Protein chains: 2
Amino acid sequence: MQIQHTPITVAIIEDDSMIRESYSYLIANSDGFEVVGAYKSYEEAAKNFLNIRPDVILLDVELPGINGIEALPKIKKLLPTVQILILTVYENNETVFDALSQGASGYLTKNTSSNKIIEAIKEVLEGGAPMSAGVARLVINSFQRNQNSPLSKRETEVLENVSLGKSRRRIADELFIDMETVKTHIKNIYQKLDVHSKADAIKTAKENKFI
Amino acid sequence: MQIQHTPITVAIIEDDSMIRESYSYLIANSDGFEVVGAYKSYEEAAKNFLNIRPDVILLDVELPGINGIEALPKIKKLLPTVQILILTVYENNETVFDALSQGASGYLTKNTSSNKIIEAIKEVLEGGAPMSAGVARLVINSFQRNQNSPLSKRETEVLENVSLGKSRRRIADELFIDMETVKTHIKNIYQKLDVHSKADAIKTAKENKFI
DNA sequence: TAGTATACCGCAAATTGATGTAATATTGTA
DNA sequence: TACAATATTACATCAATTTGCGGTATACTA
């Protein structure tokens with residue numbers, strides 16, 4: 001790490017004035033940090049972003065006007081290199097994954113302690129991805145496979161290829177087996193999952209994390 | 001949080017004796033922790049697991065015999081409730097995602113400081129998912145969508161449905177549009193991505209994180 | 001011995017990909 | 001605010017391919 005010559009500049013978008021001011025105070029009084037803007041909506045922030053160019057933005061999800069998730073891509077377009085940390089009470093699957101897919105680099109819940117917020121800002125600038133414990137678990141769970149899949153290894157492999165849109169002929173070629181064998185595998189997969197089409201097989205398998 | 005009446009039991013699987021003993025020492029000397037086993041391979045550990053039943057296992061990836069990733073599902077089968085933390089030098093995409101999909105609850109790199117390891121063990125038992133900064137960024141990056149997709153919102157939606165194996169008719173029904181419109185969207189998607197089949201469209205779109 | 005992986009046959013129905021045209025809606029920018 | 005570029009919607013035709021269902025059967029493996 002190099003010594004920080006210029007302060008880390010932070011902007012805050014949060015509609016609750018109490019919370020907004022409390023974050024401002026916290027960050028402004030931390031060594032090496034500077035608050036360059038605190039806004040109660042995206043619309044208000046957007047007017048000033050191009051002048052202030054913060055390093056990091058703390059972004060709430062619930063906002064008047066367009067919400068934090070929808071604001072994410074717009075902010076990224078204005079300031080492509082800015083690191084955005086979501087700071088919210090929402091900890092449900094959908095909000096978390098929407099935020100991450102729209103370009104958030106971290107996700108903290110509002111019970112996060114002051115010093116952890118400061119740590120998170122540093123971490124995100126060092127290439128990390130700070131997350132609250134519950135969010136991290138959500139994210140990791142999304143990768144976990146069901147260990148009790150009824151599908152055999154080969155069947156799983158075939159179904160994964162089906163879910164990539166490949167035809168039976170193509171799957172056969174890529175796995176170096178006969179197309180008839182692929183047909184048999186698919187037949188058996190359908191039976192095991194109790195479905196009668198590609199789409200339903202993929203749906204069931206994804207819902208149960210078989211693929 | 002409740003007061004911890006019984007110590008947290010930890011097992012270690014790590015082939016390097018220096019590292020293994022250093023972790024043992026660290027954990028054994030932390031308040032509220034007990035090391036109930038330290039092994040240099042999965043095979044050795046498996047013989048004792050059913051007797052010792054640890055709460056948490058620290059697992060290395062590079063091991064003699066079967067490696068840590070392959071050991072994961074076997075451990076989970078023996079001890080379904082154990083929390084497994086990967087502790088390794090590997091920080092590449094494949095190893096991380098394999099570990100997570102096979103059931104690891106956390107992933108730390110070996111430069112993790114002593115007190116962070118202790119923190120991580122506590123965190124994983126509280127339902128968190130401790131990750132090193134670089135790993136967290138890898139994981140989060142895997143969710144990020146490309147903000148410069150050539151596909152329109154509707155086209156993206158259609159292609160996502162195609163990648164779920166749905167037929168054009170079904171997509172049309174679910175999006176409340178005519179099947180002919182779906183055909184047009186697909187035609188335009190193929191043109192934009194310069195492909196000529198479902199499979200190639202999905203491949204290109206996934207590689208570029210358009211879907 | 002049950003399950004897995006492989007392969008073959010036949011058939012009707014459905015899907016796909018290519019190539020056109022074109023009206024209306026929305027959006028970004030000048 | 002008006003204009004141009006996209007986006008979204010819809011229709012028509014066609015041959016080739018794919019899909020799902022019904023069987024059967026052999027060799028390997030845990």
Side-chain angles (χ1 to χ4, degrees), chain A residues 43 46-47 50 66 70 73-74 76-78 147-205 210-211, chain B residues 46 66 70 73-74 77-78 147-205 210-211:
Chain A
E43 289 81 352
K47 287 185 285 189
L50 291 176
I66 70 169
E70 288 163 24
K74 293 178 190 284
K76 279 280 179 183
K77 204 162 187 178
L78 290 172
Q147 306 290 318
N148 302 313
S149 172
L151 304 181
S152 73
K153 207 168 177 183
R154 196 57 148 177
E155 285 163 353
T156 305
E157 197 178 7
V158 168
L159 188 53
E160 262 160 5
N161 277 286
V162 170
S163 91
L164 294 175
K166 294 175 190 167
S167 71
R168 296 168 184 192
R169 178 161 307 285
R170 186 158 165 183
I171 294 171
D173 288 346
E174 291 182 14
L175 297 185
F176 304 108
I177 53 180
D178 197 284
M179 196 182 82
E180 291 297 332
T181 307
V182 175
K183 267 170 87 172
T184 305
H185 283 311
I186 290 175
K187 189 168 49 178
N188 293 332
I189 291 167
Y190 285 8
Q191 200 163 21
K192 285 184 178 179
L193 301 185
D194 189 28
V195 296
H196 307 276
S197 69
K198 264 196 305 183
D200 289 332
I202 293 169
K203 183 160 172 274
T204 300
F210 299 150
I211 60 168
Chain B
I66 73 169
E70 288 162 25
K74 294 176 190 284
K77 206 162 188 179
L78 290 173
Q147 306 291 316
N148 300 313
S149 173
L151 304 181
S152 74
K153 207 167 176 179
R154 198 56 151 176
E155 286 163 353
T156 305
E157 199 178 6
V158 168
L159 188 52
E160 261 159 4
N161 277 286
V162 170
S163 89
L164 295 175
K166 293 174 189 165
S167 70
R168 295 168 183 189
R169 178 161 309 283
R170 185 157 165 185
I171 294 171
D173 289 346
E174 291 182 14
L175 297 184
F176 303 107
I177 54 180
D178 197 284
M179 196 184 79
E180 292 297 332
T181 307
V182 176
K183 270 170 87 169
T184 305
H185 284 310
I186 290 175
K187 181 171 59 179
N188 293 332
I189 290 166
Y190 285 8
Q191 201 162 24
K192 286 182 177 179
L193 301 185
D194 189 28
V195 297
H196 306 278
S197 70
K198 266 197 302 184
D200 288 333
I202 293 168
K203 184 161 172 273
T204 300
F210 299 151
I211 60 168

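Just so we're on the same page: letters track the sequence lines, and every chain starts at 1. No experiment lies behind these values; they were computed from the predicted model shown. Just so it is clear, the values below take in all heavy atoms, side chains as well, and ignore hydrogens, waters and symmetry mates.
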May I have the distance from B:Lys187 (atom NZ) to D:dT13 (atom P), rounded to whole angstrom?
15 Å

side-chain N/O B:Thr181 vs D:dA10 OP1/OP2, d < 4.0 Å:
yes

Test A:Ile171 against every option in A:Leu159, A:Thr181, A:Asn161 by the side chain to side chain contact (heavy atoms under 4.5 Å, CB included) rule and name the one that passes.
A:Asn161

Using whole Å, report how far NZ of B:Lys153 lies from P of D:dT8.
9 Å

What's the shortest heavy-atom distance between B:Gln147 and A:Pro73, and which atoms?
OE1-CB, 3.4 Å

With a strict under 4.0 Å distance from non-hydrogen atoms of chain B, what nucleotide opens and what nucleotide closes the contacted stretch of DNA chain C, reading 5' to 3'?
C:dT15 to C:dT21

Can you find a side chain N or O atom of B:Arg154 that sits less than 4.0 Å from OP1 or OP2 on D:dT9?
yes

For B:His185, which contact category applies under a 4.0 Å heavy-atom criterion: base, sugar-phosphate, or nothing?
base

Looking only at side-chain N and O atoms, does B:Asp200 offer a donor or acceptor that is under 3.5 Å from a partner on B:Ser197?
yes

Quiz question: going by heavy-atom distance under 3.5 Å, is there a donor-acceptor pair between the base of D:dG22 and the side chain of A:Lys183?
no

How large an angle, rounded to 10°, do the end axes of the helix from C:dT1-D:dA30 to C:dA30-D:dT1 enclose when each is built from five base pairs?
90°

Measure OH/A:Tyr190 against P/D:dT19 and give the value in whole Å, please.
8 Å

When we call it a touch if two heavy atoms are under 4.0 Å apart, what does A:Lys198 touch: a base, just sugar-phosphate, or nothing?
sugar-phosphate

Quick check for you: to the nearest 0.5 Å, what is the distance between A:Arg169 atom CZ and A:Lys183 atom NZ?
10.0 Å

If you assign each of A:Leu175 and B:Lys166 to its closest nucleotide in DNA chain C, which residue comes earlier from the 5' end?
A:Leu175

Length of the CD-C1' vector between B:Glu180 and D:dC11, whole Å
6 Å

So what does A:Thr184 touch, heavy atoms closer than 4.0 Å: a base, only the sugar-phosphate, or nothing?
base

Contact summary for A:Leu193 and A:Ala205, nearest pair of heavy atoms
CD1-CB, 4.3 Å

Rounded off to whole Å, could you give me the CG-to-C1' distance for the A:Asn188 and D:dC21 pair?
13 Å

Length of the line joining B:Glu155:CD and D:dA7:C1', which is rounded to integer Å:
7 Å

Would you classify B:Ser167 as touching base, sugar-phosphate or nothing, given that sugar-phosphate means primed atoms plus P, OP1 and OP2, and contacts are heavy atoms under 4.0 Å?
sugar-phosphate

So B:Arg168, base contact, sugar-phosphate only, or nothing? Heavy-atom distance under 4.0 Å.
base

